[in-house]
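Mind looking over this structure? Questions follow.
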Amino acid sequence: MKNKAPVSKNEELTATIEDLTYQGMGVAKVDGYPLFVAGALPGEQVKLHVLKADKKYGFAKAIDYLTTSPDRVAPGKKELVQTGIAPLQHWTYAAQLKYKRKLVTDLLQKSHLSNLEVAPTVGMENPSGYRNKAQVPARDFKGQLTTGFFRRGSHNFVPLEDYFIQDPRIDEVILVVRDILREFKVPAYNEEKHTGVIRNVMVRRGHYSGEVMVVLVTKTKKLMGAAEISAQIQEKCSDVVSVIQNINSEKTNVILGKTSKVLRGRNYIQDQLNGLTFNISAQSFYQVNPVQTEKLYARAVELADLTGTETVVDAYCGIGTISLSLAQAAKQVYGVEIVPEAIADAKENARLNNLKNLTFETGNAEDALAKWVSDGIQPDVIMVDPPRKGLTENFIEAAVKAAPQKVVYVSCNPATLVRDIERFGEQGYSVIGALEPFDQFPQTTHVETIAVLEKAAD
Ligand code: SAH
């Protein structure tokens, strides 16, 4: 096949970086042909060495910076870029926030929604050490079980101790766990041979409660010394209230397996969000940035504009975090979520907070919504907070049938948000006010966005 690229491998050229990819790579354009440049920032003029030139795009290395961005900050740790943990750490936080707003705006421009406004991104005061959860792989490195991360898009293991965006206490606990596993000579998982024991160490910490959960994800059912290992973890870390073994014997990139057993303490940690208390078990989804989540939820509930008489559906409800906030202001809330453990947590959480106007169901959001509607439930507001792939056409169809006044859409992927806004548009629902980006993931290119859709008057 003829290579139509305007540049060729090993060529050197000078170009200006125009944009950033979702991976945080600089993008230079040569006659419209994109060249991806690791570490380069928008606005920078760079001397490039072409590493690879495919038909539609290529990769180049920055060999000299002729100009540097005024928003560039000290590079920090290169491992954090290579692993994709903090690909934007070399950019000022203000520039990151502007970029996230632009990401949403650009997607709207590319669709038929260029008339919509995007508010400035709501950021953090302190955009590091924010993550309340870590899931780090354990591998054999120089003959020892070591915790770290994979180089992005590869299986190359990079040992790490400071993850920069994780709660610093979580980083400490990981090292204590690593050392105990070393002492007990527990073999790390070997991906190629599918042998060994410890695949991942997951740690969660309650932002307000300080309670810590440690999950040892093992390839094997048997974990030799489990009782002593878990006892030592608790002895050395008095804030650990739960040690769990999760078994994942599959050849997969999915971190958690289906079975978990409690080695010590409880099977959950507790935390607070906006004054509500939540039990969180190992398998349940829980927002990773508690400081920003409080702002996000408060705003989502405010936008739902409840007076106390409304019926509300919270689809993709997880452990009921948004549902409970809604229940404080609505007549009745129906929540649906596909993970049974999360629904068990949600029910318990309603009870813990003494809220009685909630109904939770395990299931597929689109089926549950359709069923509720056919049972005669008429939601005034539907709140959705789907995973990255967004809503299905069936869900949108069921939502339109339910005919709520408002749909409040909390999205972790602006591309599917824009797609779904267009689909709702075809069904007579349009966006009211501006889209509001929230920075749930500082130092990364991820952005969370809230949009409110309303039914046009008949
Ligand atoms: N609103 C919650 C959870 C949001 S994450 C919170 O903020 O904590 C999205 C949730 O959707 C996850 O808990 C995931 O398990 C769930 N989910 C994924 N696919 C689903 C589906 N088809 N139906 C219902 N829930 C689903």
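Indexing begins at 1, ligand by ligand and atom by atom, following the structure's order.
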Review point. Of the protein's non-hydrogen atoms, which lies at the shortest distance from atom 4 (C) of ligand 1, and what is that distance?
Key: D385 OD2, 3.3 Å

**Study point:** Polar atom proximity, Y286 to ligand 1 (N or O, under 3.5 Å)
**Key:** no

Review point. Nearest to atom 12 (C) of ligand 1, what protein heavy atom do you find, and at what distance?
Key: E337 OE1, 3.4 Å

Exercise for review: Identify which one of T449, N289, T293 satisfies the side chain to side chain donor-acceptor pair (under 3.5 Å) criterion when paired with Q440.
Suggested key: T293

Review point. Among all protein non-hydrogen atoms, which one is nearest to atom 18 (C) of ligand 1, and what is the separation to 0.1 Å?
Key: P387 CG, 3.6 Å

Point to revise | Basic-acidic side-chain contact under 4.0 Å: K258, E250 | key: no

Practice item. Might you work through the ring-ring contact (aromatic ring centres under 6.0 Å, His included) test for Y409 and Y429, ending with a clear yes or no? Key: CA-CA 12 Å; Y409 194 139; Y429 280 79; over 10 Å; no

**Study point:** Y297, portion touching ligand 1 at heavy-atom distance under 4.0 Å
**Key:** side chain

Review point. Within 45 degrees of the axis of the six-membered ring of F141 and under 6.0 Å from its centre: does R139 put its NZ or CZ there?
Key: no

Check your understanding: Should T321 be counted as touching ligand 1, given the test is an N or O pair under 3.5 Å?
Key -> yes

Exercise for review: Measure from atom 24 (C) of ligand 1 to every heavy atom in G363, A368, A346 and give the option owning the shortest one.
Suggested key: G363

Check your understanding: Using heavy atoms and a threshold below 4.0 Å, how should the contact between S284 and ligand 1 be classified: side chain, backbone, both, or neither?
Key -> neither

Review point. Charged N to carboxylate O under 4.0 angstrom, E348 versus R351?
Key: yes

Check your understanding: Who's the nearest protein heavy-atom neighbour of atom 26 (C) of ligand 1, and how far?
Key -> Y316 CD2, 3.5 Å

Revision key, fill the gap. V339 heavy atoms within 4.0 Å reach ligand 1 at atoms 15 (O)

**Study point:** Polar proximity ligand 1 side, I338 side, N/O cut 3.5 Å exclusive
**Key:** yes

Review point. Stepwise, does the salt bridge (Lys or Arg N to Asp or Glu O under 4.0 Å) test hold for E172 with R169?
Key: CA-CA 5 Å; E172 286 172 14; R169 176 64 188 147; 2.7 Å; yes

Exercise for review: Evaluate the ring planes of F157 and F150, with Trp represented by its six-membered ring, and classify them as parallel (under 30°), tilted (30 to 60°) or perpendicular (over 60°).
Suggested key: perpendicular

Check your understanding: What is the nearest protein non-hydrogen atom to atom 23 (N) of ligand 1, stated with its residue, atom name and distance?
Key -> A365 N, 2.9 Å

Exercise for review: Check whether any side-chain N or O of Q427 sits under 3.5 Å from a backbone N or O of I396 as a donor-acceptor pair, and report yes or no.
Suggested key: no

Review point. For ligand 1, does N364 get within less than 4.0 Å through its side chain, its backbone, both, or neither, judged by non-hydrogen atoms?
Key: both

Check your understanding: Could E426 and R423 be called an ion pair, given the rule that one side-chain N must be under 4.0 Å from one carboxylate O?
Key -> no

